[in-house]
Amino acid sequence: MELCQTYPQAKAIFERADELLGRKISSLIFEGPEEELTRTDNLQPAVTIVNVACLTLLREYGCRPVAVAGHSLGEYTAHYAAGVFDFSALLRLVQARGSLMQEAAKAHPGSMLVVIGLDQERLFQITEEASAYGTICIANYNTPQQMVLSGAFPALERASDAAKSAGAKRTLMLQVSGAWHSPLMDSITEKFEAELAQVTFRDAHTRVYCNVTAKPERDASKIRQLLGQQICSPVRWSETMLRMTGRYPDAVFTEVGPGRVLKGMMLAMDRRRKVYTIENPASLEAWTSTFIT
């Protein structure tokens, strides 16, 4: 709301989103109720709208990224930032994605579990053992020491106990409504691919690092294919960040949108990195005071 009240460019994004979605999602973002806002069919377009508002303001100050990436849902805003599709198509896709994921979660209940302090090999062994209790997989490779499991509740509970016994520093069940990036989302893959087929994709004008491969991509048809796979595939975030820092060793990273989770992940991997966040007027002013003379 503060962004909307302070910057006409941000207000225009919220108003355009209301128009495109045919509902006052801006009111839901500003006023709640929280239990309705955090349903994934509402949360996905809501987060995306705030991402785009922040990105729009950065562009007003001449920010042109040399490369972009987004974590899970955020990958869609990254493709938008690279010109792969327009705002209307972006909202259409994230609305469809959220609604279909909600549908899959209702049909195949599950959740996600953060595990901190175990390496990838040990955690993979734990998921293999826990799979006797239901579907489970590593869904997010966030940092070398923080990964997220996704799957059925009994399997996650078993994995949590095993991870603690193996020496994990912490396990935490996330407050999400489904087992995202897992085989429990398989039932909606074809439906979402049909949605992707209805949208015009263009070749990216800058490198977009994709979740499925952790590699940069510009080709429109390849990006469409990877987004279809992303819904059931793991997010290879730590690998993505290592590739980006390797290619751009002196880069300044700027996280746009609500929260500072990605900044925290980057600094957990490399405390020397310059990382900024843009989520409100104060953070935007801090960024501009650093880079705009």
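What you see is a predicted model, and the numbers here were worked out from it, not measured in a lab.
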So how far is it from [X] [atom1] to [Y] [atom2], rounded to the nearest 0.5 Å?
X	Y	atom1	atom2	answer
M147	L113	CE	CG	12.0 Å
E60	L58	CD	CG	10.0 Å
Q146	S238	CD	OG	10.0 Å
M185	S150	CE	OG	7.0 Å
L100	Q44	CG	CD	9.5 Å
S177	M112	OG	CE	10.5 Å

Closest approach of [X] and [Y], non-hydrogen atoms and distance?
X	Y	answer
G246	P249	O-CD, 3.9 Å
V261	E255	N-OE2, 3.6 Å
A78	G70	CB-N, 3.8 Å
A104	S187	CB-OG, 4.0 Å
T206	A82	CG2-CB, 3.7 Å
V84	A204	CG2-CB, 3.7 Å

Judged by modelled atom types alone, do T277 and S283 share a side-chain donor-acceptor pair under 3.5 Å?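 The criterion, which ignores hydrogens and geometry beyond distance, is not satisfied for S283 and T277.
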Which donor-acceptor pairs under 3.5 Å do the side chains of residues 221-229 make with protein atoms, sequence neighbours left out?
residue: S221; atom: OG; partner: D219; partner atom: OD2; Å: 2.5
residue: R224; atom: NH1; partner: L196; partner atom: O; Å: 2.5
residue: R224; atom: NH1; partner: V199; partner atom: O; Å: 3.0

Would you please test W287 and T290 for side-chain contact (heavy atoms from CB on, under 4.5 Å) and show each step? CA-CA 5 Å; W287 189 93; T290 302; 5.9 Å; no
Which residue pairs pass the salt bridge (Lys or Arg N to Asp or Glu O under 4.0 Å) test when at least one of the two sits in residues 173-196, sequence neighbours left out?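 For residues 173-196, and leaving out neighbouring residues, the salt bridge (Lys or Arg N to Asp or Glu O under 4.0 Å) pairs sorted by first residue read R92-E195, E103-K191.
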Min side-chain heavy-atom separation [X]-[Y] under 4.5 Å:
X	Y	answer
L149	L123	yes
R23	P45	yes
Y7	L3	yes
N140	S72	no
M269	P144	yes
R170	K164	no
M244	T240	yes
V148	V115	no

Could you please spell out the steps behind the side-chain hydrogen bond (donor to acceptor under 3.5 Å, both in side chains) verdict for N142 and R236? CA-CA 7 Å; N142 288 338; R236 301 185 178 279; over 6 Å; no
Report whether [X] and [Y] are members of the same hydrophobic cluster (ILVMFWY, side-chain heavy atoms less than 4.5 Å apart, transitive linking).
X	Y	value
I278	I13	no
V208	L55	no
I231	L93	yes
V52	V256	no
V68	L73	no

Name all residues meeting the side-chain contact (heavy atoms from CB on, under 4.5 Å) criterion together with A162; count only those two or more places apart in sequence or in a different chain, and write none if there are none.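 By the side-chain contact (heavy atoms from CB on, under 4.5 Å) rule, A162 matches I126.
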What residues form a side-chain contact (heavy atoms from CB on, under 4.5 Å) with E2, not counting sequence neighbours?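 E2 satisfies side-chain contact (heavy atoms from CB on, under 4.5 Å) with T6, N280, P281 only.
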When you look at V176 and S111, which way does the side-chain contact (heavy atoms from CB on, under 4.5 Å) test go after all the steps? CA-CA 6 Å; V176 296; S111 190; 3.8 Å; yes
Please name all residues satisfying salt bridge (Lys or Arg N to Asp or Glu O under 4.0 Å) with E121, sequence neighbours left out, ordered by chain then number.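 E121 satisfies salt bridge (Lys or Arg N to Asp or Glu O under 4.0 Å) with no residue once adjacent residues are dropped.
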Residues in salt bridge (Lys or Arg N to Asp or Glu O under 4.0 Å) with R39, at least two apart?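 For R39, the residues satisfying salt bridge (Lys or Arg N to Asp or Glu O under 4.0 Å) (neighbours in sequence not counted) are D41.
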May I ask you to decide if [Y]'s main-chain N or O and [X]'s side chain share a donor-acceptor pair within less than 3.5 Å?
X	Y	answer
N211	E75	no
T245	L242	yes
R202	G83	yes
T40	L43	no

Before accepting this row, confirm whether a basic side-chain N of the pair R218/D203 lies closer than 4.0 Å to the acidic partner's carboxylate O.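 Not counted as a salt bridge, because no side-chain N and carboxylate O are separated by less than 4.0 Å.
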Do E217 and R207 sit within salt-bridge range, that is, some charged N less than 4.0 Å from a carboxylate O?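 Salt bridge between E217 and R207, a charged N being under 4.0 Å from a carboxylate O: no.
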Applying side-chain hydrogen bond (donor to acceptor under 3.5 Å, both in side chains) as the test, list every pair that has at least one member in residues 266-275; sequence neighbours left out.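 Pairs touching residues 266-275 that pass the test: D270-R272, D270-R273.
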Could you go through Y80 and N51, starting from their C-alpha distance and side-chain angles, then the distance that decides it, and tell me whether this counts as side-chain contact (heavy atoms from CB on, under 4.5 Å)? CA-CA 10 Å; Y80 167 78; N51 289 350; over 6 Å; no
Which ILVMFWY residues are connected to L184, directly or by a chain of links, through side-chain heavy atoms under 4.5 Å apart?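 Once heavy-atom contacts under 4.5 Å are chained together, L184 still belongs with nothing else.
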Tell me the ring pair (Phe, Tyr, Trp, His ring centres under 6.0 Å) pairs involving [range], sequence neighbours left out?
range	result
residues 221-247	H71-W237
residues 85-116	F85-F201
residues 22-51	F14-F30
residues 135-155	none

Please test Y209 against K215 for side-chain contact (heavy atoms from CB on, under 4.5 Å), starting from the C-alpha separation and ending with a verdict. CA-CA 5 Å; Y209 284 74; K215 296 178 181 178; 5.7 Å; no
Does E279 form a salt bridge (Lys or Arg N to Asp or Glu O under 4.0 Å) with R260? I'd like the steps, not just the answer. CA-CA 9 Å; E279 60 174 342; R260 302 183 175 193; 3.3 Å; yes
Test of ring centre spacing under 6.0 Å for Y276 and F291: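 Under 6.0 Å, so yes.
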From CA spacing to verdict: side-chain hydrogen bond (donor to acceptor under 3.5 Å, both in side chains), R97, Q230: CA-CA 11 Å; R97 184 178 186 267; Q230 191 232 46; 3.0 Å; yes
